[in-house]
Number of protein chains: 2
Amino acid sequence: MSTSDPDRRYHHGDLRASLVAAALAQLEVGGAAALSLRGAARTCGVSAMAPYRHFSGKEELLEAVAASGFEDLAVALEAADASADGAQALAAQGAAYVTFACRQPALFRLMFMGPGCGPDRSRAYAILERRAATLAGSRMAVADLTLAAWSLVHGLAALILDRRVPLAGEAAEDAARRITLAFARLAAEAR
Amino acid sequence: MSTSDPDRRYHHGDLRASLVAAALAQLEVGGAAALSLRGAARTCGVSAMAPYRHFSGKEELLEAVAASGFEDLAVALEAADASADGAQALAAQGAAYVTFACRQPALFRLMFMGPGCGPDRSRAYAILERRAATLAGSRMAVADLTLAAWSLVHGLAALILDRRVPLAGEAAEDAARRITLAFARLAAEAR
DNA sequence: ATCGGATGTTGACATCGTACACAACCTCGC
DNA sequence: GCGAGGTTGTGTACGATGTCAACATCCGAT
């Protein structure tokens with residue numbers, strides 16, 4: 001009707017994307033515990049049941065949030081993978097991985113420890129594998145090297161996020177670069 | 001009173017331990033999502049408020065559960081650390097770490113991704129560090145080597161648990177042993 | 001213009017974590 | 001013995017959450 005506030009249209013326009021954005025925002029400020037379906041709906045100015053028109057339930061919303069996180073991760077890794085030197089590039093990827101985790105800890109956790117554990121070898125994996133292939137040799141197959149490199153940075157990120165290791169901010173990224181580089185050189189020399 | 005059922009004593013006897021055990025059991029069957037304070041109380045045949053006499057809230061119960069998990073982990077790592085050869089021992093520790101995670105996935109998650117993120121360099125860390133010290137050299141300091149080894153197995157475990165990697169059961173442990181061993185040898189040779 | 005599907009709303013329910021007040025029990029000092 | 005006082009468990013209540021069912025509103029194709 002003509003008299004009503006344009007912000008209060010019955011139809012939201014793009015609720016699905018707004019819900020994902022709201023969930024992401026909530027994730028950043030309050031951690032995973034503060035993420036509620038109702039809260040996201042409230043943020044979008046919509047009723048508690050509206051999200052169910054776009055997601056089958058809470059879990060599916062979280063999966064969508066995680067998916068958007070994987071997109072960002074892939075972009076960050078691709079950007080870091082610039083150096084011509086294989087070991088340097090791998091180290092840069094490692095640092096970028098840890099940086100991503102440190103900057104969006106709750107998102108990172110959700111992406112990996114979340115309820116949706118789909119076996120999706122993501123785009124990020126492909127980027128890493130491409131680099132690892134240039135370093136692999138007889139001592140370590142490509143698959144193992146890729147898995148080792150990924151485990152290394154993933155574990156480092158996880159340990160840092162959970163404060164299992166006294167590193168934070170810049171120091172964390174430095175450690176990631178240093179360790180990934182050492183690992184890459186070890187692998188390259190032993191080829 | 002003499003007529004009452006002995007199972008229905010007003011005092012439970014050892015509620016605290018029973019609650020931790022109940023939570024652990026629930027964790028194994030239904031994952032972290034199925035873990036509720038009320039549920040644990042119900043399992044123990046006690047009112048919903050009783051747990052608050054032993055824990056300040058849900059978080060503290062979870063911390064107690066996690067602590068019991070760390071105990072078990074340390075025991076498992078210590079048992080695996082038997083071999084005289086440093087690289088072999090490190091590989092065995094890595095396999096044991098992954099095995100632990102695979103056998104009690106929800107517990108493992110709770111221990112690390114749980115709400116309580118205390119900077120406790122646990123006993124498990126000391127065991128690992130001792131081994132790593134025998135392999136470190138000029139190329140990689142003890143601290144970095146320890147951190148790298150831990151990150152490697154921790155990341156591997158995390159990726160396996162979240163099905164990010166197509167490994168399960170025996171294959172997972174094999175991969176852990178293989179990769180940890182390769183890493184340890186690389187480090188030892190480059191010393 | 002209208003009809004149907006997509007989108008949102010209201011109301012209700014079970015469950016959860018937790019606060020407050022009260023009851024049963026155990027352990028002392030006497 | 002026995003009663004005082006702390007310890008442990010109970011009952012009730014409140015607000016928040018995820019989800020179901022039924023209903024309302026809107027937009028686009030016909």
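Given the structure is predicted, the values throughout are model-derived calculations rather than measurements. All chains are named by letter (A, B, ...) in the order of the sequence lines, taking the proteins before the strands, and each is independently numbered beginning at 1.
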Which heavy atom in B/Leu135 sits nearest to a heavy atom in B/Ala87, and how many Å separate them?
-> CD2-N, 4.1 Å

Distance in angstrom units between B/Leu61 CG and C/dC16 P, rounded = 14 Å

Give A/Ser36 one of three labels, base, sugar-phosphate or nothing, depending on what nucleic acid heavy atoms sit under 4.0 Å from its own.
-> sugar-phosphate

For B/Gly39, report the nucleic acid contact type (base, sugar-phosphate, nothing); a contact means any heavy atom under 4.0 Å.
-> nothing

Rounded to whole angstroms, how far apart are CZ on A/Phe55 and P on C/dT7?
-> 12 Å

When you measure from the side chain of A/Leu15, which nucleotide among C/dA12, C/dG8, C/dG17 comes out closest?
-> C/dG8

Taking atom P of D/dA16 as reference, at what distance in whole Å does atom CG of A/Leu35 sit?
-> 17 Å

Quick one: sort the B/Phe108 and B/His154 rings into parallel, tilted or perpendicular, breaks at 30° and 60°.
-> tilted

Heavy atoms, side chains only, cut-off 4.5 Å: are A/Val75 and A/Arg123 in contact?
-> yes

A/Leu62 CG to D/dG18 P: how many Å, rounded?
-> 9 Å

What nucleotide among C/dG17, C/dG8, D/dT10 has an atom nearest to a side-chain atom of A/Ser47?
-> C/dG8

Where does the angle between the aromatic ring planes of A/Phe112 and A/Phe70 fall among parallel (under 30°), tilted (30 to 60°) and perpendicular (over 60°)?
-> perpendicular

Can you find a donor-acceptor N/O pair under 3.5 angstrom joining the side chain of B/Arg53 to the base of D/dT10?
-> no

Tell me which of B/Ala50 and A/Ser56 sits closer to the 5' end of DNA chain D, going by the nucleotide each one is nearest to.
-> B/Ala50

Residue-phosphate contact under 4.0 Å: B/Tyr52 side-chain N/O, C/dA19 OP1/OP2 = no

More 5' along DNA chain C: A/Asp14 or B/Ala48, using each one's nearest nucleotide?
-> A/Asp14

So, is B/Arg16 close to the D/dG9 phosphate, meaning a side-chain N or O under 4.0 Å from OP1 or OP2?
-> no

B/Val46 has its side chain closest, among D/dG9, C/dG8, C/dG17, to D/dG9

Which whole-number value in Å describes the distance from A/Met49 CE to C/dA12 C1'?
-> 11 Å

Protein-nucleotide distance (B/Arg42, atom CZ; D/dT10, atom P), rounded to Å | 14 Å

Nearest whole angstrom, please: distance from the C1' of C/dA14 to the CZ of A/Arg38.
-> 12 Å

What is the distance from CG of B/Leu37 to P of C/dT18, rounded to the nearest Å?
-> 7 Å

N/O (side chain, A/His54) to phosphate O (OP1/OP2, C/dA6) under 4.0 Å | no

Establish, with yes or no, whether the OP1 or OP2 oxygen of C/dC25 is under 4.0 angstrom from a side-chain nitrogen or oxygen of B/His12.
-> no

For B/His54 and B/Arg16 the tightest heavy-atom approach is O-NH1, 3.3 Å

